[in-house]
Amino acid sequence: MTAPYHIEGEDRQGRWVVTCDHASNRVPPEVAGGDLGLPPEDMARHIAYDVGAAGVARALAEALASPVILSDFSRLVIDPNRGEDDPTLLMKIYDGSIIPANRHADAAEVARRLDLFHRPYHRGIERLIASRSAPVIVAVHSFTPQFIGRPPRPWHVGVLYAGDTRLAYPLLARLNAEPDLCVGDNQPYSGHLTGDALDRHGVQPGLPHVLVEVRNDLIETPEAQRAWGNRLAPMLDAALKNAEV
């Protein structure tokens with residue numbers, strides 16, 4: 001079995017822990033022989049992973065001189081950014097596409113995938129956080145410009161948070177000062193999702209944290225991903241200084 005995640009830059013000494021929960025659209029062979037039954041064009045969409053997010057996360061971690069942990073299984077295998085009791089943990093239909101290999105997945109199959117992928121990934125995050133002195137978490141995601149049948153999303157980038165705004169507010173201030181950006185404040189989603197990755201590793205332990213979402217049509221190429229990572233890094237460092245944590 002291949003590892004459900006990998007870590008890059010573990011020897012870097014920065015305080016940041018960069019996470020990318022939806023880094024990959026890979027379906028491991030342990031699940032339906034490596035094929036969920038979806039056509040390639042669906043597996044290339046946002047329903048299978050966060051398009052471009054892994055490249056942004058890598059560039060950001062490098063610029064912050066900090067490590068990054070990236071999942072190595074599709075969110076359609078099981079979603080590591082959902083609590084174990086969340087009804088969307090294993091999706092059977094998503095943005096108009098039925099996922100054939102998930103249609104008849106029962107509780108035993110969900111438990112098997114939790115043990116193989118979801119739980120090891122979260123143990124990896126816990127280990128990485130424990131290796132840092134005064135760790136700070138930034139989660140990197142991307143979002144689709146438009147769901148089928150829904151209005152277009154105007155935001156270029158969004159900052160998500162729940163009750164802890166120590167990093168979110170100063171980061172929002174810096175992003176909003178950029179004249180070319182339309183910035184989402186808890187958009188395109190709310191940052192309050194009980195049991196998600198940041199709730200588990202940031203909110204509950206009381207660690208400083210923030211989630212950044214970049215619209216995926218802006219990060220389709222490696223060059224664009226690196227540019228966004230390099231653009232976000234000094235803003236995050238400045239937000240951390242403002243937060244005084």
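Treat the numbers as computed from the prediction; the structure is a model and nothing was measured.
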Please report the interatomic distance [atom1]([X]) to [atom2]([Y]), rounded to the nearest 0.5 Å.
| X | Y | atom1 | atom2 | value |
| --- | --- | --- | --- | --- |
| Leu181 | Arg231 | CG | CZ | 4.0 Å |
| Ser24 | Tyr5 | OG | OH | 15.5 Å |
| Tyr49 | Leu76 | OH | CG | 12.0 Å |
| Ser142 | Glu213 | OG | CD | 7.0 Å |
| Thr194 | Asp199 | OG1 | CG | 5.5 Å |
| Arg226 | Thr221 | CZ | OG1 | 11.5 Å |

Taking all atoms of both residues into account, what is the closest heavy-atom pair of [X] and [Y], and its distance?
| X | Y | value |
| --- | --- | --- |
| Val183 | Leu172 | CG1-CD2, 3.8 Å |
| Ala101 | Asp35 | CB-O, 4.2 Å |
| His141 | Asp50 | ND1-OD2, 3.0 Å |
| Leu70 | Ala23 | CB-CB, 3.8 Å |
| Pro67 | Trp16 | CD-O, 3.3 Å |
| Asp42 | Ile47 | O-CG1, 3.6 Å |

Compare all side-chain heavy atoms of [X] with those of [Y] and state whether any distance is below 4.5 angstrom.
| X | Y | result |
| --- | --- | --- |
| Thr88 | Asp79 | no |
| Arg132 | Arg15 | no |
| His156 | Leu218 | yes |
| Val17 | Ser66 | no |
| Arg26 | Ser74 | no |
| Asn216 | Pro145 | yes |
| Val159 | Asn186 | no |

>> Before you tell me yes or no, could you show the steps for Val140 and Val18 under side-chain contact (heavy atoms from CB on, under 4.5 Å), namely the whole-Å CA-CA distance, both residues' side-chain angles and the distance that decides it to 0.1 Å?
In response: CA-CA 7 Å; Val140 177; Val18 182; 4.0 Å; yes

>> Tell me whether the NZ or CZ atom of Arg153 lies within the 45° cone about the ring axis of Trp155 and under 6.0 Å from its centre.
In response: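 Here Arg153 fails the 6.0 Å and 45° test against Trp155.
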
Are [X] and [Y] connected in the hydrophobic side-chain network, where two residues link if heavy atoms are under 4.5 Å apart?
| X | Y | result |
| --- | --- | --- |
| Ile137 | Leu240 | no |
| Val68 | Val51 | no |
| Val157 | Tyr189 | no |
| Val27 | Val110 | yes |
| Ile125 | Leu193 | no |

> Among Leu211, Asp185, Val210, which one satisfies side chain to side chain contact (heavy atoms under 4.5 Å, CB included) with Leu160?
Replying inline: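 Checked Leu211, Asp185, Val210 against Leu160; only one passes side chain to side chain contact (heavy atoms under 4.5 Å, CB included): Leu211.
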
>> Testing Val138, Leu167, Val136 one by one against Leu236 for a side chain to side chain contact (heavy atoms under 4.5 Å, CB included), which residue passes?
In response: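 Only one of Val138, Leu167, Val136 forms a side chain to side chain contact (heavy atoms under 4.5 Å, CB included) with Leu236, namely Val138.
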
State plainly whether the residues [X] and [Y] are in salt-bridge range, i.e. N to O under 4.0 Å.
| X | Y | answer |
| --- | --- | --- |
| Asp21 | Arg75 | no |
| Glu30 | Arg112 | no |
| Glu10 | Arg127 | yes |
| Asp196 | Arg82 | no |

Give a yes or no answer on whether the side chain of [X] reaches the backbone of [Y] with a donor-acceptor pair at less than 3.5 Å.
| X | Y | result |
| --- | --- | --- |
| His46 | Gln146 | no |
| Thr19 | Ile69 | no |
| Asn81 | Ala197 | yes |
| Arg12 | Ala65 | no |
| Ser131 | Ile129 | no |

> Do His209 and His201 have ring centres separated by under 6.0 Å?
Replying inline: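 Centroid distance His209-His201: not below 6.0 Å, so no.
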
>> Using the rule given for side-chain contact (heavy atoms from CB on, under 4.5 Å), can you reason through Gln225 versus Glu220, listing the C-alpha separation, both sets of side-chain angles and the distance that settles it, and then say yes or no?
In response: CA-CA 7 Å; Gln225 293 157 20; Glu220 292 177 334; 5.9 Å; no

>> Let's go through Arg113 and Asn102 carefully: what are the C-alpha distance in whole Å and the side-chain angles of both, what is the deciding distance for side-chain hydrogen bond (donor to acceptor under 3.5 Å, both in side chains) to 0.1 Å, and is it a yes or a no?
In response: CA-CA 11 Å; Arg113 297 189 197 184; Asn102 290 353; 2.9 Å; yes

> Passes side-chain contact (heavy atoms from CB on, under 4.5 Å), Glu244 versus Arg166? Steps please.
Replying inline: CA-CA 8 Å; Glu244 298 181 347; Arg166 288 176 291 175; over 6 Å; no

> Do Ser97 and Arg45 have a side chain donor and acceptor closer than 3.5 Å?
Replying inline: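 Indeed, the side chains of Ser97 and Arg45 share at least one donor-acceptor pair under 3.5 Å.
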
> Do the rings of Phe73 and Phe117 sit parallel, tilted or perpendicular, given the 30° and 60° boundaries?
Replying inline: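 Taking Phe117 first and then Phe73, their aromatic rings sit tilted (interplane angle of 30° to 60°).
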
>> Could you walk me through whether Arg200 and Glu126 satisfy the side-chain contact (heavy atoms from CB on, under 4.5 Å) test, starting with their C-alpha distance in whole Å, then the side-chain angles of each, then the deciding distance to 0.1 Å, before giving a yes or no?
In response: CA-CA 10 Å; Arg200 178 169 176 170; Glu126 289 165 359; 3.7 Å; yes

